[in-house]
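A quick note: this is a predicted structure, and the numbers were derived from the prediction, not measured.
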Amino acid sequence: MPATVRIRDLTLRDGQQSQFATRMTQAQVDRVLPLYKQAGFYAMEVWGGAVPDSVMRYLGENPWTRLESIRDGMAGSSKLTALSRGRNLFGYTPYPDSVIEGFCRNAVRSGIDIMRVFDALNDIDNMTSTINYVKENGGMADCAVCYTVDPHFTTGDRFKAFFKGRRIPGTIFDVAYFVKKAKQLAALGADMITIKDMAGLIDPATSARLIKALKNELDIPVDLHTHCTPGFGTASVLMAMVNGVDIVDTVIMNFSGGPAAPAYEIIQLLADRLGIDTGVDRAAVGRVNHELRGIREELASFDQYKRLPPDVDLVSYKPGPELSALLDGAVEAASAGKADEALRLCQRIEALFNYPEPDEIVRQAQIPGGMYTNMMAQLKDAKLEHLLNEVLHAVPQVRLDCGVPPLVTPTSQIVGVQAVNCVVDRAQGKPFYTNVSKNFIELVKGSYGKTPFPIDPAFRERIAGVRNETPYDTSAYKKQPNPEIAEAGGARLAQNEKDELLLELFPSVADRYLRGVRVRDYQASLPPPPPPVPEPFPEEFWEYLTLNIEA
């Protein structure tokens, strides 16, 4: 068991994205930065993911300003981290190296110390250029392996597939798979490895086995990132800590739980009982947590659970007898390798902190919560909510057909949309894959990279018109236009490289945002209009005035 475990705080990126649709304003971020500066977190994830898109789309703010203000506010007291989808960066399109290099260079110069790089297919070729450019510009490469589980097929499904001559694989995503990927990334120069469990599917027993195996094979730090949606989060982090993990990702209490990561405060209470030092200033975190409570209330319209945890400040907080017994029991169970008992006790601990109940649908279907939510929305739009169970049953088949990709953005959404399309096709008396999304075609074609399981060439030809895997050709990439804006006095839409990158990465959103900025800047530069010349008084007024004076 390690003497120290470092904490990466996710509150200002993943926390607010998971809980409040990434709606924290610049003013709200600025309120907590002076408090965060004293907290002593090893790192803070503050950028990437949905942040750049959302601050432009919904808040009318500049993503680069968001990052640079945090850099200036923190003044190097914690390392700042961001999330990048490797060759896809933020969207679905694989970008040429010129865009990737520009993004990495500007991100590091604007304050990013650690870039967490992942690929939705765990295709390491898609991560290589980002790793290189981050390191060339002085940043650290945190290389993430996306955690996922094998699609679940019933015995009946397997019999049907056998008689139809179709191949259902055995185990793909075992401990050896993740260790192999991690070792390949370490050989490419990774400064650390993260197991990125975006759906919260890593159970405590698997967490223990995987972290132990990684620590036996790697000489660089290992980080566990998970979520609480299906109820495993706290217990899986606890099992990781007793098995040698170097870094764990947490969120401050008022933004934690549910679809977000486990609370720092709960993990700290467990670490105390394990004799593990996190190096975090509890008093400073208490002040941050107090401010976040007010911010959460301001974001109430985006709060899907509206279940506030108790107001916890670890400087003065004394767990009651029930909580103390549960914390001691969980630590004892984890230290003895009793993962199921640790899970049972950790879920009771979470309940005492008013966490939402574990999402059984997400746990049983083994899909991310966001994927489930989007599928439900798609079915409601079609007034076919009663077909949900059929869609959940179709997900493993669709996933198998397209090469068993991990279910992380964007592949989770591609698979989810296509599963709904297939079930709707069948409900209308049409064959599966009558209605196929553009993104699904590109995934099957090979545009997004190499899938973990080979795609049947006949299926690829049926869906994408080619039998062989066909990688995306970045030589055909066309840069976004940068027109002159007439209503802004002829100013160019993008004024510098950072503006150009926003246009490349978020074309429609950045166009609308930058256009508004250019017009406002132009109008502000115009000289104020001269004051209006007063109208002369009419003759009737003078006649009236004269008569009244004489009177």
Side-chain angles (χ1 to χ4, degrees), residues 8-26 28-29 43-59 61-71 79-93 95 100 103-104 106-108 110-120 126-127 130 134 139 141-147 194-200 223 225-229 249-252 255-256 258-261 299 302 368-371 373-374 406-413 501-502 504-506 509-510:
R8 183 191 316 237
D9 175 76
L10 309 176
T11 306
L12 298 184
R13 204 290 297 176
D14 193 281
Q16 63 139 333
Q17 181 173 323
S18 297
Q19 296 277 37
F20 313 117
T22 327
R23 291 303 205 279
M24 279 188 79
T25 65
Q26 184 68 55
Q28 289 168 332
V29 170
M44 294 168 53
E45 186 180 78
V46 298
W47 210 61
V51 168
D53 179 291
S54 292
V55 299
M56 288 189 292
R57 184 191 299 264
Y58 301 115
L59 306 176
E61 296 177 357
N62 189 309
W64 296 106
T65 301
R66 169 71 58 98
L67 174 56
E68 289 159 4
S69 72
I70 297 173
R71 174 199 64 194
K79 295 184 185 300
L80 302 184
T81 79
L83 193 63
S84 167
R85 296 180 197 163
R87 184 164 288 283
N88 289 347
L89 292 175
F90 291 94
Y92 287 38
T93 303
Y95 287 95
I100 298 171
F103 167 75
C104 294
N106 280 281
V108 172
S110 292
I112 293 303
D113 300 292
I114 304 172
M115 186 72 75
R116 176 172 281 171
V117 187
F118 76 97
D119 177 67
N126 284 341
M127 302 169 66
T130 300
V134 166
D142 171 14
C143 297
V145 184
C146 293
Y147 181 82
T194 291
I195 295 301
K196 178 177 164 53
D197 176 26
M198 51 284 162
D223 185 323
H225 170 98
T226 190
H227 291 246
C228 295
T229 318
D249 291 6
T250 66
V251 172
I252 292 178
F255 276 35
S256 70
L299 298 173
F302 305 105
M371 176 179 172
T373 302
N374 287 348
L407 296 179
V408 60
T409 304
T411 50
S412 57
Q413 305 307 333
L501 284 165
L502 294 179
E504 296 303 308
L505 302 176
F506 314 98
V509 174

Checklist outcome for this item: Sorted by chain and residue number, the salt bridge (Lys or Arg N to Asp or Glu O under 4.0 Å) partners of Arg71 (sequence neighbours excluded) come out as none

Item to check | Thr229 side, atom OG1; Met198 side, atom CE - distance, nearest 0.5 Å | outcome: 11.5 Å

Checklist entry - Is it true that a side-chain atom of Thr81 and a backbone atom of Ile114 form a donor plus acceptor pair closer than 3.5 Å? => result no

Next on the checklist: For a quick test of reading the model, state the closest non-hydrogen atom pair linking Met24 to Gln28 and the distance between them.
Outcome noted: CA-OE1, 3.3 Å

Checklist outcome for this item: So salt bridge (charged side-chain N to carboxylate O under 4.0 Å, His left out) across residues 81-93, not counting sequence neighbours, yields Arg87-Asp97

Next on the checklist: If we count only N and O atoms by modelled type, under 3.5 Å, do the side chains of Ser110 and Asn106 hold a donor and an acceptor together?
Outcome noted: no

Checklist entry - Taking only residues two or more places apart in sequence, or in another chain, which ones meet Asp197 in a side-chain hydrogen bond (donor to acceptor under 3.5 Å, both in side chains)? => result Thr226

Checklist entry - Could you state the interatomic distance from CE (Met371) to CD (Gln413), rounded to the nearest 0.5 Å? => result 7.5 Å

Checklist entry - Rounded to the nearest 0.5 Å, what separation is found between the CG atom of Asp9 and the OG1 atom of Thr250? => result 5.5 Å

Next on the checklist: If we ignore hydrogens and angles and just use 3.5 Å, is the side chain of Tyr58 paired with the main-chain N or O of Ala21 as donor and acceptor?
Outcome noted: no

Item to check | Within-4.5 Å side-chain heavy-atom neighbours: Thr194 and Phe118 | outcome: no

Item to check | Counterpart residues, side chain to side chain contact (heavy atoms under 4.5 Å, CB included), relative to Thr22 (two or more places apart) | outcome: Gln16, Gln17, Ala50, Val51, Ser54

Next on the checklist: Over 60° means perpendicular and under 30° means parallel, so tell me whether Trp64 and Trp47 are parallel, tilted or perpendicular.
Outcome noted: tilted

Next on the checklist: Using every non-hydrogen atom in the two residues, find where Ala144 and Met127 come nearest and quote the distance to one decimal.
Outcome noted: O-CE, 3.6 Å

Next on the checklist: I need the minimum non-hydrogen distance between Gly49 and Pro52, along with the two atoms involved.
Outcome noted: O-CD, 3.8 Å

Item to check | Salt-bridge present (Arg8, Asp142; N to O < 4.0 Å) | outcome: yes

Item to check | Arg116 bridged to Asp249 by N-O distance under 4.0 Å | outcome: yes

Item to check | Minimum heavy-atom distance between Val408 and Ala120, given as atom pair plus value | outcome: CG1-CA, 3.5 Å

Checklist entry - Would you call the rings of Phe90 and Phe103 parallel, tilted or perpendicular, where under 30° means parallel and over 60° means perpendicular? => result perpendicular

Checklist entry - What residues, two or more places apart in sequence or in another chain, satisfy side chain to side chain contact (heavy atoms under 4.5 Å, CB included) together with Gln19? => result Pro259, Ala260, Tyr305

Next on the checklist: Side chains of Val29 and Ile70, heavy atoms from C-beta outward: is any pair under 4.5 Å?
Outcome noted: yes

Checklist entry - Which distance, rounded to the nearest 0.5 Å, do you find between the NE2 of His225 and the CG of Leu10? => result 6.0 Å

Checklist outcome for this item: Closest non-hydrogen atoms of Ala107 and Leu67, given as atom of the first, atom of the second and distance, are O-CD2, 3.9 Å

Item to check | Residues which pass side chain to side chain contact (heavy atoms under 4.5 Å, CB included) with Val509, listed by chain and number, not counting sequence neighbours | outcome: Asp53, Met56, Arg57, Phe506, Arg512

Next on the checklist: Distance alone, cut at 3.5 Å: any donor-acceptor contact between the side chains of Thr65 and Gln26?
Outcome noted: no

Checklist entry - What are the two closest non-hydrogen atoms of Arg66 and Glu61, and how far apart are they? => result NH2-OE1, 3.0 Å

Item to check | Inter-residue atom distance Thr130.OG1 - Met115.CE, 0.5 Å rounding | outcome: 7.5 Å

Item to check | Main-chain N/O of Ile252 paired with Thr11 side-chain donor or acceptor, under 3.5 Å | outcome: yes

